[in-house]
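Order of listing sets the numbers, starting from 1, for every ligand and every atom in it.
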Amino acid sequence: MTQHSDMLIVGAGILGLSHAYAAARRGLKVRVFERSSTPLGASVRNFGQALVTGQPVGQMHQLAKASRGLWAHWAEQAGFALKRHGSLLFARNALEYQLLESFCAERAEQHGYRVELLQGEALNKLYGGQFRHHHAALLGLDDQQLYSREAIPALVAFLRGQGVEFHFSTLVRDVEPGRLRSTAGTFTGTHTVVCSGHDYQTLLSDAMAALEPQVCRLQMLRVRPQFELDLQQSVLTGLSCLHYGAFDGLPETEALRAQVRRDTPHLVEQGIHLLVSPTPYRELIIGDSHHYGRDASPFNAEQVDDWMIELAEQTLGGRLKVVERWQGVYGAKGRRPFSLLRVAPGLSSALMHTGVGMSVGPALGERNVADLLGEAPHGLQVLE
Ligand SMILES: Cc1cc2nc3c(=O)[nH]c(=O)nc-3n(C[C@H](O)[C@H](O)[C@H](O)COP(=O)(O)OP(=O)(O)OC[C@H]3O[C@@H](n4cnc5c(N)ncnc54)[C@H](O)[C@@H]3O)c2cc1C
């Protein structure tokens with residue numbers, strides 16, 4: 001038995017680290033347990049897009065806006081790269097253009113999305129004219145881009161410097177109020193927060209089963225442009241409007257959905273839209289296929305990669321060479337975008353059910369810790 005901690009956290013993904021930061025900055029004694037020797041979950045496999053623009057009006061948009069400043073602070077303190085030049089969402093055809101116009105006219109100002117619609121000369125000047133084949137671009141001014149595989153380990157190192165103790169290569173086998181049993185021994189703590197990502201079976205399995213969670217698996221590629229492009233912004237297309245809640249309910253969104261279903265049904269069947277994320281090394285992470293289920297199939301379909309490369313080459317206007325492929329899995333399809341479970345006094349869990357944990361996770365950790373410590377209510381729904 002080791003000394004008592006104020007907060008024991010399971011999982012060194014973005015949710016676990018966000019909770020650790022929020023607790024440590026309040027002067028609490030914090031321990032984080034992670035079964036692998038370095039974080040290898042969704043938080044390092046993703047696109048690293050901290051998106052404000054795509055979030056649906058309300059709670060998720062507010063969380064993403066609040067997370068924005070936390071990322072900037074962490075990047076500065078922990079010394080990892082963060083591109084703060086926003087995102088570019090390209091309208092590839094007339095209908096996508098009408099959708100962006102409608103979003104700007106009817107939603108952006110009213111709900112505080114900071115965006116600009118670039119057309120004509122402004123569009124033609126972007127990256128030396130590389131994107132002039134599109135109808136317009138929605139510049140999402142609040143969106144940020146990080147390189148997760150470097151940012152997450154840097155955040156761990158920063159938190160260590162703030163006094164957080166990390167136990168890597170340590171599986172947590174069991175949690176109960178006030179006590180945690182792991183492969184490194186038994187630990188006591190006033191609060192235990194389980195941030196186990198999409199592992200619904202090792203800890204708190206009954207409470208998690210009640211959420212009827214699923215997983216989503218994504219095929220991911222890192223590519224090198226075979227042409228001159230020093231991209232500084234995340235890139236999306238009108239297809240992304242079918243995936244992000246900010247655009248839900250606009251008549252043009254439904255019209256576009258019908259058009260995509262009719263003209264490119266394979267994109268709908270494979271859940272494909274396009275995300276392009278620049279790394280700090282003039283390479284790009286591309287993808288965004290979605291396959292849902294109880295388990296993640298290990299088998300990647302080459303055809304899905306081919307469709308995503310084709311979309312990326314059309315959007316970027318040049319050839320790409322694949323240098324790496326991997327699969328990512330995240331927790332998905334609960335009844336809500338995330339769950340904050342209160343299992344027993346001092347024992348809780350925080351889980352994402354949508355693929356936007358990098359966008360909203362920092363503020364979610366901050367607000368959940370405030371609530372757990374009995375500070376001002378955060379206004380988020382918790383499940384008893
Ligand atoms: C391919 C992909 C692309 C994505 N792109 C984006 C994006 O661009 N923008 C965005 O906002 N979001 C994105 N997401 C979603 C985002 O990455 C996730 O929502 C987020 O990372 C979830 O964080 P987490 O901490 O809950 O989970 P994880 O990062 O998976 O962390 C959970 C950790 O808990 C550990 N763990 C579990 N059980 C135990 C145990 N019993 N003992 C010890 N350790 C344990 C695991 O090993 C793991 O490291 C993407 C996700 C994927 C997979």
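- Among all non-hydrogen protein atoms, the one lying nearest atom 7 (C) of ligand 1 is Gln49 O, 3.6 Å.
- Between Gly355 and ligand 1, at least one N/O pair is under 3.5 Å apart.
- At under 3.5 Å, a nitrogen or oxygen of Val356, whether backbone or side chain, sits near a nitrogen or oxygen of ligand 1.
- With a 4.0 Å cut-off on non-hydrogen atoms, Cys195 touches ligand 1 through its backbone and not its side chain.
- No more than 12 heavy-atom neighbours from other residues, nucleotides or ligands sit within 6.0 angstrom of CZ on Phe299.
- Among pairs with a residue in residues 37-47, those fulfilling side-chain hydrogen bond (donor to acceptor under 3.5 Å, both in side chains) read Asn46-Ser148, at least two apart in sequence or across chains.
- At the shortest separation from atom 47 (O) of ligand 1 among protein heavy atoms lies Glu34 OE2, 2.6 Å.
- Here the heavy atom of the protein found nearest to atom 53 (C) of ligand 1 is Val329 N, 3.4 Å.
- Residue Leu203 has no nitrogen or oxygen atom sitting less than 3.5 Å from a nitrogen or oxygen atom of ligand 1, judged on distance alone.
- The shortest contact between atom 50 (C) of ligand 1 and any protein heavy atom is with Asn46 CB, 3.3 Å.
- Scanning the protein heavy atoms around atom 44 (N) of ligand 1, the nearest turns out to be Arg35 N, 3.1 Å.
- Considering only non-hydrogen protein atoms, atom 21 (O) of ligand 1 sits nearest to Ser43 OG, 2.8 Å.
- Looking at ligand 1, you won't find any N or O of His198 less than 3.5 Å from one of its N or O atoms.
- Considering backbone and side-chain atoms together, Val172 places an N or O closer than 3.5 Å to an N or O of ligand 1.
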Stepwise side-chain hydrogen bond (donor to acceptor under 3.5 Å, both in side chains) check, Gln145 with Ser277: CA-CA 7 Å; Gln145 177 68 60; Ser277 294; 3.2 Å; yes
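- Looking at Leu51 against ligand 1, nothing comes within 4.0 Å, counting heavy atoms.
- Here atom 20 (C) of ligand 1 lies nearest to Ile14 when heavy atoms of Ile152, Leu171, Leu204, Ile14 are compared.
- The distance from ligand 1 to the heavy atoms of Gly328 drops below 4.0 Å at these ligand atoms: 1 (C), 53 (C).
- Looking at residues two or more places apart in sequence or on another chain, you find no side-chain hydrogen bond (donor to acceptor under 3.5 Å, both in side chains) involving Ser67.
- Aromatic ring pairs are classed by plane angle as parallel below 30°, tilted from 30° to 60° and perpendicular above 60°; the pair Tyr113 and His61 is parallel.
- At a 4.0 Å heavy-atom cut-off, ligand 1 touches Met358 through backbone and side chain alike.
- Only the side chain of Met220 comes within contact range of ligand 1, with a heavy atom under 4.0 Å; no backbone atom does.
- In this structure the side chain of Phe47 reaches within 4.5 angstrom of the side chain of Met220, judged on heavy atoms.
- Ranking protein heavy atoms by distance to atom 51 (C) of ligand 1, first place goes to Tyr330 CD2, 3.3 Å.
- With hydrogens left out, the protein atom closest to atom 27 (O) of ligand 1 is Gly197 CA, 3.5 Å, a heavy atom.
- At least one N or O atom of Ala42 sits closer than 3.5 Å to an N or O atom of ligand 1.
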